[in-house]
Amino acid sequence: MGISLGPNQYGKAEVRLVTVRRTGGVHHLRDLTVSSALRGDLSATHLTGDNSAVLATDTQKNTMYAFAKQQDVGEIEDFALRLGRRFVDTQEKITGARVSVEEQEWDRITVDGAPHAHSFSSSGGERRTTTVTVHADRAWVVSGVDGLVVLKSTGSEFHGYPQDEYTTLVETDDRILATAVTARWRYEGFTGIDWAKSHREIRQTLLETFATKHSLSLQQTLYAMGEAVLRARPEVAEIRFSLPNKHHFLVDLSPFGLENHNEVFYAADRPYGLIEGTVVRDEAEEPGPAWTDAVL
Ligand SMILES: O=c1[nH]c(=O)c2[nH]c(=O)[nH]c2[nH]1
């Protein structure tokens, strides 16, 4: 019976890394969660336990912390690229590194109208994300946003769907549309990109499109947001979305003799519709390993 080792990777997942940089008395906070995954010729450790090619995941974690000390973290894309490059360039048997970073933003608290030097608040769960894949001779960058929660209280309809014996959903020409946007966009030809500006403007395009696109389905809104980003951002080749439909159901107030003209809703947290899709530029180059990370 032939048995062989299939695809594999290993690394340190979800390293919590917070930095405080001080300029005078003013503190600057960064809050990152960093994951690494290394690939290469790792058959020895799997087959015989020979660890001579295994850069310990503990060392990978320490490298993240040391790099954060030695140089300002900067943009998460640059930080991830530096780490990935380090693992591939210094480890003979490591041919590919994937480094993912999620950043939680903290806002400075204002006290009596003035920004406080060292106190911060975080309003929501929104995170800026990046995943870089580094090979010996090139790299790929996929950045994005997680948990960007949006809601519009009109400008959304849903009707015209099949009516079979199990359909109870009532057609509507006016509903609440809400979702938490997870978006990932793949950069192309990315030397010289201002990562922060690109992220800020893509995020704004997503918000504006969500707000202004009259929606006949969340699927239509998904495509509109993707199309708007690709039209506005030449550096983006492709964008992928995962959009939970955060249903807001009208409460039946008739038992109380009350009418409900789109005023009182039950916000269900589950189950939720999950609308996912990709919008791609026709002439985009092949993604290569930009998206693929799972070996399971
Ligand atoms: O925008 C929507 N898309 C659907 O596919 C769907 N299905 C559903 O029950 N409600 C909705 N809303």
Side-chain angles (χ1 to χ4, degrees), residues 102 123-129 142-186 199-233 236-256 258-282 284 287 291-294:
E102 282 186 9
S123 54
E126 182 183 342
R127 280 146 292 142
R128 175 177 163 187
T129 67
V142 172
S143 293
V145 67
D146 268 15
L148 174 57
V149 178
V150 289
L151 179 150
K152 62 198 291 183
S153 49
T154 189
S156 166
E157 313 181 25
F158 190 62
H159 44 75
Y161 43 84
Q163 303 282 339
D164 71 8
E165 62 269 45
Y166 301 124
T167 303
T168 58
L169 184 71
V170 177
E171 296 190 308
T172 175
D173 60 6
D174 191 7
R175 66 172 182 175
I176 287 180
L177 184 65
T179 186
V181 177
T182 292
R184 297 275 180 274
W185 49 87
R186 173 165 64 90
H199 182 276
R200 193 169 55 246
E201 294 181 0
I202 289 169
R203 180 182 184 280
Q204 183 60 22
T205 299
L206 294 173
L207 294 177
E208 283 178 13
T209 309
F210 177 83
T212 57
K213 175 73 184 176
H214 186 93
S215 176
L216 299 178
S217 64
L218 186 50
Q219 288 89 332
Q220 187 194 24
T221 296
L222 179 156
Y223 184 79
M225 292 195 296
E227 186 182 23
V229 168
L230 292 183
R231 285 198 190 286
R233 313 301 316 180
V236 174
E238 178 184 357
I239 181 165
R240 299 183 175 188
F241 294 96
S242 180
L243 303 178
N245 193 354
K246 292 171 155 293
H247 303 299
H248 288 68
F249 297 115
L250 269 187
V251 177
D252 179 9
L253 298 176
S254 61
F256 323 123
L258 299 170
E259 294 186 345
N260 189 354
H261 301 291
N262 260 355
E263 294 157 295
V264 181
F265 298 86
Y266 163 59
D269 70 339
R270 64 188 76 171
Y272 50 89
L274 186 60
I275 310 302
E276 299 185 293
T278 300
V279 187
V280 200
R281 198 184 292 289
D282 288 343
W291 297 104
T292 55
D293 54 353

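All figures in this text were calculated on a predicted structure; none of them were measured in a lab. We count ligands from 1, going down the list as the structure has it; atoms in each ligand are counted the same way.
- For ligand 1, the polar-atom distance check against Ile275 finds no nitrogen or oxygen pair separated by under 3.5 Å.
- Contacts with ligand 1 closer than 4.0 Å are made by no heavy atom of Leu177, backbone or side chain.
- The closest approach between Arg175 and ligand 1 falls below 4.0 Å for a heavy atom of the residue.
- Neither the backbone nor the side chain of Gln220 has a heavy atom within less than 4.0 Å of ligand 1.
- The pair Glu126-Arg203 meets the salt-bridge criterion, with a side-chain N (NZ, NE, NH1 or NH2) lying under 4.0 Å from an Asp/Glu carboxylate O.
- The ligand atoms of ligand 1 that sit less than 4.0 angstrom from a heavy atom of Leu218 are 1 (O), 2 (C).
- Looking at every heavy atom in both residues, Ala228 comes nearest to Thr209 through CB-OG1, 3.4 Å.
- Of all the heavy atoms in Asn245 and Arg175, the pair that sits closest is ND2-NH1, 4.2 Å.
- With respect to atom 8 (C) of ligand 1, the closest heavy atom belonging to the protein is Phe158 CE2, 3.6 Å.
- Atoms of ligand 1 lying under 4.0 Å from at least one heavy atom of Ser217, given by number and element, are 1 (O).
- With respect to Arg281 and Glu238, no salt bridge is recorded, no charged nitrogen being found less than 4.0 Å from a carboxylate O.
- The nearest heavy-atom contact from the protein to atom 3 (N) of ligand 1 is Gln219 OE1, 2.8 Å.
- Between Asp174 and Gly155 the shortest heavy-atom distance is OD1-N, 4.2 Å.
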